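It should be emphasised that the depicted structure is a prediction, and the values quoted were computed from it without experimental measurement. Whatever order the structure lists ligands and atoms in, that order sets their numbers, starting from 1.
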Amino acid sequence: MPVLDTFGRPLRTLRISVTDRCNLRCHYCMPREEYTWLPREDLLSFEEIVTLADLTASLGVDRVRLTGGEPLLRRDLPRLVSLLAHRPWIADLALTTNGVQLAGAAGELRAAGLGRITVSLDTLRPDRFRRLARIDALQQVLDGIEAARRAGFTGLKLDTVISRGDNDDELVDLLEYARDVGAELRFIEYMDVGGAVAWRPDAVVSRDEMLARLADHYGPIEPVPAAGSSAPAERFRLPDGQTFGIVASTTRPFCAACDRARLTADGVLLLCLYAQHGTDLRRPLRAGASHDTLRRLIEAVWQGRADRGAEERLRLRDRGVYIPVAALKKDAHLEMHTRGG
Ligand code: SAM
Ligand code: SF4
Ligand code: SF4
């Protein structure tokens, strides 16, 4: 029986950030020049990660997504994949990556037991990629997607954050590309999460606007009924049968069904993407707390969970940048690239 929070939401999904480092500087996530990184000695070992994942599993988790920063920067990641893939409780093991180093890693990840891959891809134009991510790496990402296909990953997903004036003229091109590579694309509304210090309300292209623009191009778009999942994306079907998703986190938050906890690379448990505080599990773990003590700690924080960050943001009249740079500089845990998206 999974543990329930104050709104009756079960704990089912754990997103594990394996590093806070990244090799891109996406404009909506890491727009600044300087960042303070987590101290290396604070990073959880793979064995520590598995111990904590096991404890969450005893409370209901059966789905794990590895993320970052850029998870492929974590040395020896396939070993962690293999450890997790062999846990008896795991029903779904997925990875979210920017794809830059995927070409060299896809085969090994598949062999290690990774189930699914999501690649973030915001543009198909090399010059634009360079401007939006500050590194010239589009071809590497496209090669990574190809390599993931060749390695046998089915159910490949592509995640695209749409922002006005940056890439909202590529909705159709990106869908066509997804069709060509046999992936399902998900458009993500630009969110005002910590770290998104360049966010402004008019840069958000809403789900409704995206659908209207796509319908103008393709004709009538049908919703695909959700099969009882807590997945954040609403799915749709184009007249030719191609499906895609929209994650309307900003204009239509889905907090009511949110079953996700996040573990940062240094062992802080966060219960919401917008949470301003987390629970440090690394210290008690390293101080020798028993598994039962740790399990009861996790259970108690989940039972006390009342987070509905995106819904609360939506209610604000004047919605500016969520966390100012000064606060981000003081606490890296407030950054999206530390909590993993
Ligand atoms: N580096 C990996 C990647 O980009 O796929 C994994 C970590 S990244 C933080 C996870 C996801 O968060 C990415 O798909 C990214 O597009 C999304 N993300 C980051 N900042 C965002 C923002 N301000 N609004 C919406 N999505 C955001
Ligand atoms: Fe971009 Fe992901 Fe890196 Fe953030 S963590 S800068 S979204 S690649
Ligand atoms: Fe879950 Fe928080 Fe996102 Fe709402 S804002 S869906 S509670 S992570």
Side-chain angles (χ1 to χ4, degrees), residues 5-7 9 11-13 15-32 35 65-74 94-102 117-123 129 132-135 137 140-141 144-145 157-163 166-167 185-200 203-205 230-233 246-250 252-262 264-265 270-276 302 305-314 321-323 335-341:
D5 73 5
T6 60
F7 297 125
R9 297 171 296 187
L11 171 59
R12 293 286 309 280
T13 306
R15 298 194 173 203
I16 303 175
S17 172
V18 293
T19 178
D20 59 329
R21 315 273 167 142
C22 192
N23 45 4
L24 296 186
R25 289 291 178 273
C26 301
H27 65 109
Y28 47 72
C29 179
M30 300 187 75
R32 296 176 1 241
Y35 286 92
R65 178 171 291 275
L66 300 174
T67 177
E70 173 45 38
L72 298 184
L73 295 185
R74 178 81 188 240
L95 170 82
T96 297
T97 171
N98 64 30
V100 174
Q101 296 195 354
L102 185 56
I117 295 187
T118 300
V119 180
S120 301
L121 175 70
D122 295 333
T123 178
F129 189 101
L132 297 178
R134 298 228 304 268
I135 289 163
Q140 284 159 258
V141 178
I145 292 167
K157 291 208 172 80
L158 302 177
D159 275 4
T160 302
V161 177
I162 293 292
S163 59
D166 291 317
N167 64 347
L185 188 77
R186 300 189 305 181
F187 295 113
I188 301 175
E189 289 180 351
Y190 191 175
M191 299 174 72
D192 56 346
V193 284
V197 292
W199 190 88
R200 39 177 227 291
V204 177
V205 179
S230 66
I246 298 185
V247 182
S249 331
T250 300
R252 292 192 185 200
F254 34 85
C255 302
C258 179
D259 62 6
R260 286 177 288 282
R262 297 179 158 78
T264 64
L270 293 162
L271 305 188
C272 179
L273 215 39
Y274 286 90
Q276 303 231 6
W302 188 268
R305 177 183 190 241
D307 301 76
R308 303 194 307 199
E311 286 181 1
E312 282 163 11
R313 297 291 297 157
L314 185 60
V321 167
Y322 178 46
I323 311 256
E335 302 269 9
M336 180 71 154
H337 70 268
T338 307
R339 44 189 59 188

(request) Quick one: pull up CZ in Arg74 and CG in Asp20 and give me the separation to the nearest 0.5 Å. (result) 10.5 Å
(message) Suppose I only count heavy atoms of Arg262 and a 4.0 Å limit; which atoms of ligand 3 are within that range?
(response) 8 (S)
(request) Classify the side-chain pair Tyr274/Glu311 by whether it contains a donor and acceptor separated by less than 3.5 Å. (result) no
(request) Check whether any side-chain heavy atom of Leu102 lies under 4.5 Å from a side-chain heavy atom of Ile117, and answer yes or no. (result) yes
(message) Show me which atoms of ligand 2 lie under 4.0 Å from any heavy atom of Gly69.
(response) 5 (S)
(request) Can you sort out which atoms of ligand 3 are near Asp307, meaning under 4.0 Å from one of its heavy atoms? (result) 7 (S)
(request) May I ask you to list the atoms of ligand 3 that are less than 4.0 angstrom from any heavy atom of Ala310? (result) 5 (S)
(message) Let me confirm one number: the CZ-CG distance from Arg252 to Leu314, rounded to the nearest 0.5 Å.
(response) 11.0 Å
(request) May I ask you to test the Arg65-Thr118 pair for a side-chain heavy-atom distance under 4.5 Å? (result) yes
(request) Among all protein heavy atoms, pick the one closest to atom 26 (N) of ligand 1 and tell me residue, atom and distance. (result) Val161 CG2, 3.4 Å
(message) For Glu189, state whether at least one heavy atom is located under 4.0 Å from any atom of ligand 1.
(response) yes
(message) Any atom of ligand 1 sitting under 4.0 Å from a heavy atom of Gly69?
(response) yes
(request) Can you pull out the closest protein heavy atom to atom 1 (Fe) of ligand 3? Residue, atom name and distance to 0.1 Å, please. (result) Cys258 SG, 2.3 Å
(message) To check your reading of the model: name the closest protein heavy atom to atom 11 (C) of ligand 1, its residue, and the distance in Å.
(response) Gly341 CA, 4.4 Å
(message) Give me the residue, atom name and distance of the protein heavy atom closest to atom 8 (S) of ligand 1.
(response) Gly340 O, 4.3 Å
(request) Could you find the nearest protein heavy atom to atom 3 (Fe) of ligand 2 and give me its residue, atom name and distance? (result) Cys22 SG, 2.3 Å
(message) Closer than 4.0 Å to some heavy atom of Ala196 - which atoms of ligand 1 meet that?
(response) 23 (N)
(request) Could you grab the distance from atom SG of Cys258 to atom CZ of Arg305, nearest 0.5 Å is fine? (result) 4.5 Å
(message) Can you confirm, on distance only, whether ligand 1 has an N/O atom lying under 3.5 Å from any N/O atom belonging to Thr97?
(response) yes
(request) Taking atom types as modelled, find out whether Asp122 and Tyr28 have a side-chain donor-acceptor pair closer than 3.5 angstrom. (result) yes
(request) For Glu70, take its heavy atoms, then give the atoms of ligand 1 lying under 4.0 Å from any of them. (result) 1 (N), 2 (C)
(request) Keeping the roles fixed (side chain from Trp302, backbone from Arg9), state whether a donor-acceptor pair exists under 3.5 Å. (result) yes
(request) Please identify which atoms of ligand 3 are closer than 4.0 Å to at least one heavy atom of Phe254. (result) 6 (S)
(request) State, without any angle test, whether Asp259 and Thr13 hold a side-chain donor-acceptor pair at a distance under 3.5 Å. (result) yes
(message) Could you report the tightest heavy-atom contact between Ala198 and Pro31, atom names first, then the distance?
(response) N-CG, 4.5 Å
(request) Distance to 0.1 Å, residue and atom name: give those for the protein heavy atom nearest to atom 6 (S) of ligand 2. (result) Cys26 N, 3.4 Å
(request) Using a strict 4.0 Å threshold on nitrogen-to-oxygen distance, state whether Asp159 and Arg186 make a salt bridge. (result) yes
(message) Distance under 4.0 Å to a non-hydrogen atom of Thr67: what atoms of ligand 1 satisfy this?
(response) 6 (C), 7 (C)
(request) Output yes when the distance from some N or O of ligand 1 to some N or O of Ser120 is under 3.5 Å, and no in every other case. (result) yes
(message) Pairs of nitrogen or oxygen atoms closer than 3.5 Å, one from Tyr190 and one from ligand 1: do any exist?
(response) no
(request) Measure the distances from the heavy atoms of Met30 to every atom of ligand 2 and state whether one is below 4.0 angstrom. (result) yes
(message) Could you check whether Arg15 and Thr96, counting side-chain N and O atoms only, form a donor-acceptor pair closer than 3.5 Å?
(response) no
(request) Examine Val193 against ligand 1 and note whether any of their N/O atoms are separated by less than 3.5 Å. (result) no
(request) Could you list which atoms of ligand 3 come closer than 4.0 Å to a heavy atom of Leu273? (result) 2 (Fe), 8 (S)
(request) Please write down residue, atom name and distance for the protein heavy atom closest to atom 4 (Fe) of ligand 2. (result) Cys29 SG, 2.4 Å
(message) I'd like to check Phe254 versus Val247 (side-chain heavy atoms, cut-off strictly below 4.5 Å). Are they in contact?
(response) yes
(request) Look at atom 2 (Fe) of ligand 3 and say which protein heavy atom is nearest, naming residue and atom and giving the distance to 0.1 Å. (result) Cys272 SG, 2.2 Å
(message) Return the OH to CG distance between Tyr190 and Asp166, rounded to the nearest 0.5 Å.
(response) 7.5 Å
(message) Ignoring hydrogens, what is the shortest heavy-atom contact between Val197 and Val321? Give both atom names and the distance.
(response) O-CG2, 3.4 Å
(request) Look at ligand 2 and say whether Ser120 reaches it with a heavy atom at a distance under 4.0 Å. (result) no
(request) Can you pull out the closest protein heavy atom to atom 21 (C) of ligand 1? Residue, atom name and distance to 0.1 Å, please. (result) Tyr28 CD1, 3.4 Å
(message) Need the ligand 1 atom indices (1-based, order shown) with element for anything under 4.0 Å from a heavy-atom of Met191.
(response) 22 (C), 23 (N), 24 (N), 25 (C)
(request) Look at atom 18 (N) of ligand 1 and say which protein heavy atom is nearest, naming residue and atom and giving the distance to 0.1 Å. (result) Met336 CE, 3.6 Å
(request) Establish, from distance only, whether the side-chain atoms of Glu70 and Thr19 form a donor-acceptor pair under 3.5 Å. (result) no
